[in-house]
A.B. asks: 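Before I ask anything, let me first share the structure, which is written out below as structure tokens.
By convention in this document, chain letters (A, B, ...) are assigned in the order of the sequence lines, proteins followed by strands, and residues within each chain are numbered from 1.
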Number of protein chains: 2
Amino acid sequence: MSYSRDALISLLQRHDIGPTHQRLEIAQVLFSRGEHLAAEQILALVNEHRAETSKATVYNTLNLFRDRGLIREVIVDPKRVFYDPNTQPHHHLYNVDSGEITDIPADDLVVSGLPELPPDMVTTGVDIIVRMRARQP
Amino acid sequence: MSYSRDALISLLQRHDIGPTHQRLEIAQVLFSRGEHLAAEQILALVNEHRAETSKATVYNTLNLFRDRGLIREVIVDPKRVFYDPNTQPHHHLYNVDSGEITDIPADDLVVSGLPELPPDMVTTGVDIIVRMRARQP
DNA sequence: TGGCGAATTAGACAAAGTCCAGGTATTAAC
DNA sequence: GTTAATACCTGGACTTTGTCTAATTCGCCA
Ligand SMILES: [Mn+2]
Ligand SMILES: [Mn+2]
Ligand SMILES: [Zn+2]
Ligand SMILES: [Zn+2]
């Protein structure tokens, strides 16, 4: 999917995020690609043609987007956080050889038998990660 | 559970790991506590009374134990890897406020509807992480 | 045009983890 | 006992990911 500049502006505004140039560039990379990207990849993609932003702004912006519920983090690789433009409930298939992450829709997936939480606790998410690698040839 | 020195030695030997002093100390911390610990916590616990080992050896040893299937990694916190002495299939409840990790037995838990993998791929594990936090008071 | 709060930035800093080269332990042979 | 081979350990330099700070710049509006 390709997002127009106006669509991105109203997306940010709906999340109470001022639509600055840098934030729009970062949002464009995340939402037009629809992939799971790490901060350094996002920095490289945004700056691919001309220098548009800095490392500090990329990290600040990703944390802001995450706090405002525009994106979410995917914790599968101890070396870096991946950012996911899809905040709908879904799960992940992780190729440990290539580092590639693909989505598993939550629809056709049922988990039963999860324990009850302590009464003063609330779930912030259930993440299922299926790790796979190439079969030994 | 408390492990005798002899029990630890044969545990390491069954995994083709030479039972050196440092490795036994590290194994003792992991297996006698049965908790999910990060490398720096393990280093501090092993050296609690007298200096027994170094940072490099703790990291080397944890990687060796993991490669030999004696322990496994738990990836829930982007800041550090936790090491789990329980390699049986099971899942994790993660308190995002305190950082505490507790086990969810795999027995009473059923997941259905997982997608098929590409034919040349094999699963190396299915990890379910339930993240929870204190309800807003 | 000037002023003000919000945003951006370079670069210093921090923390987790890896790497390397030299030192130490263990064992085996002599 | 000494020597030698090998495995193991270690201090400290290094790398990577991410955060912080102080200074600058931007965007807006009076
Ligand atoms: Mn561009
Ligand atoms: Mn890290
Ligand atoms: Zn996803
Ligand atoms: Zn566990």
Side-chain angles (χ1 to χ4, degrees), chain A residues 5 8-9 12-13 15-30 36-47 50-68 70-84 96 99 101, chain B residues 5 8-9 12-13 15-30 36-47 50-68 70-84 96 99 101:
Chain A
R5 215 65 175 173
L8 288 171
I9 289 171
L12 298 209
Q13 282 171 342
H15 290 263
D16 280 307
I17 298 168
T20 66
H21 176 73
Q22 289 84 350
R23 289 169 181 171
L24 289 167
E25 291 288 330
I26 292 166
Q28 183 159 89
V29 163
L30 279 164
H36 305 83
L37 298 171
E40 298 289 340
Q41 294 177 287
I42 293 166
L43 177 62
L45 288 166
V46 168
N47 287 341
R50 60 168 67 86
E52 314 247 24
T53 191
S54 67
K55 186 175 80 154
T57 297
V58 168
Y59 279 101
N60 289 343
T61 299
L62 291 170
N63 288 339
L64 177 68
F65 285 4
R66 186 242 295 123
D67 292 346
R68 296 290 161 84
L70 188 58
I71 63 178
R72 66 140 140 173
E73 296 180 343
V74 180
I75 313 296
V76 287
D77 178 342
K79 294 220 176 329
R80 57 234 216 274
V81 174
F82 288 90
Y83 291 89
D84 192 339
V96 299
I101 299 171
Chain B
R5 216 64 175 173
L8 288 171
I9 289 172
L12 298 210
Q13 282 172 342
H15 289 262
D16 279 307
I17 298 168
T20 65
H21 176 73
Q22 289 83 352
R23 289 168 181 172
L24 288 168
E25 292 289 330
I26 292 166
Q28 183 160 88
V29 163
L30 279 164
H36 305 81
L37 298 171
E40 298 288 341
Q41 294 177 287
I42 293 166
L43 177 61
L45 288 167
V46 168
N47 288 341
R50 59 167 66 87
E52 314 249 23
T53 192
S54 66
K55 185 175 83 153
T57 296
V58 168
Y59 280 101
N60 288 343
T61 298
L62 292 170
N63 288 340
L64 177 68
F65 285 4
R66 185 243 294 124
D67 291 347
R68 296 291 161 83
L70 188 58
I71 63 178
R72 66 141 139 172
E73 295 180 342
V74 180
I75 313 296
V76 288
D77 178 342
K79 293 217 177 333
R80 57 234 215 277
V81 174
F82 288 89
Y83 291 90
D84 191 339
V96 299
I101 300 171

A.B. asks: Rounded to the nearest angstrom, tell me the gap between atom CZ in A/R66 and atom P in D/dG18.
C.D. replies: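 Interatomic distance, CZ of A/R66 to P of D/dG18: 11 Å.
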A.B. asks: Once salt bridge (charged side-chain N to carboxylate O under 4.0 Å, His left out) is applied, do any residues pair with B/D77, and if so which ones, sequence neighbours excluded?
C.D. replies: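 Applying salt bridge (charged side-chain N to carboxylate O under 4.0 Å, His left out) to B/D77 gives B/R80.
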A.B. asks: What integer distance in Å separates A/E73:CD from D/dG18:C1'?
C.D. replies: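 My rounded result for the distance is 11 Å.
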A.B. asks: Do the side chains of A/V74 and A/V81 get nearer than 4.5 Å, heavy atoms only?
C.D. replies: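 No, side chains not in contact.
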A.B. asks: Whole Å only: how far is the CG atom of B/D67 from the P atom of C/dT18?
C.D. replies: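 Rounded to the whole Å, the gap is 11 Å.
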A.B. asks: Using the salt bridge (charged side-chain N to carboxylate O under 4.0 Å, His left out) criterion, which residues pair with B/E73? Sequence neighbours excluded.
C.D. replies: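 Result, salt bridge (charged side-chain N to carboxylate O under 4.0 Å, His left out) vs B/E73: B/R66.
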A.B. asks: Would the distance check show the side chain of A/T61 and the main-chain N or O of A/T57 forming a donor-acceptor pair, the cut-off being under 3.5 Å?
C.D. replies: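 Checked: pair present.
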A.B. asks: Could you check if a side-chain atom of B/E25 sits within less than 4.5 angstrom of a side-chain atom of B/V29, using non-hydrogen atoms only?
C.D. replies: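 They are not in contact (no side-chain heavy atoms under 4.5 Å apart), so the answer is no.
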A.B. asks: Could you give the CG-to-P distance, from B/L24 to D/dC8, as a whole number of Å?
C.D. replies: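 Roughly 13 Å, once rounded to whole Å.
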A.B. asks: Tell me: CG of B/N63 to P of D/dC8, nearest whole Å?
C.D. replies: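 To the nearest whole Å, that distance equals 15 Å.
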A.B. asks: Measure all distances between protein nitrogen or oxygen atoms and nitrogen or oxygen atoms of nucleotides 9-15 of chain D, and list the pairs falling under 3.5 Å.
C.D. replies:
| unit_1 | atom_1 | unit_2 | atom_2 | d |
| --- | --- | --- | --- | --- |
| D/dC9 | OP1 | B/T20 | OG1 | 2.5 |
| D/dC9 | OP1 | B/Q22 | OE1 | 3.1 |
| D/dC9 | O3' | B/Q22 | NE2 | 3.1 |
| D/dT10 | OP2 | B/T53 | OG1 | 2.9 |
| D/dT10 | OP2 | B/S54 | N | 3.3 |
| D/dT10 | OP2 | B/S54 | OG | 3.4 |
| D/dT10 | OP2 | B/T57 | OG1 | 2.8 |

A.B. asks: Using whole Å, report how far NZ of A/K79 lies from C1' of C/dA16.
C.D. replies: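 It works out to 9 Å between those atoms.
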A.B. asks: Could you state the atom-to-atom distance from CG of B/L64 to C1' of C/dG17 in whole Å?
C.D. replies: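 One finds 16 Å between C1' of C/dG17 and CG of B/L64, rounded.
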A.B. asks: For C/dG17, take OP1 and OP2 only and decide whether either is under 4.0 Å from a side-chain N or O of B/Y59.
C.D. replies: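 For B/Y59, the contact criterion (side-chain N or O under 4.0 Å from OP1 or OP2 of C/dG17) is met.
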A.B. asks: Find the distance A/L43:CG to C/dA10:P and express it as a whole number of Å.
C.D. replies: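 Distance check: A/L43 CG to C/dA10 P gives 10 Å.
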A.B. asks: What do the steps show when you test B/I101 against B/F82 for side-chain contact (heavy atoms from CB on, under 4.5 Å), and what is the final call?
C.D. replies: CA-CA 9 Å; B/I101 300 171; B/F82 288 89; 3.6 Å; yes
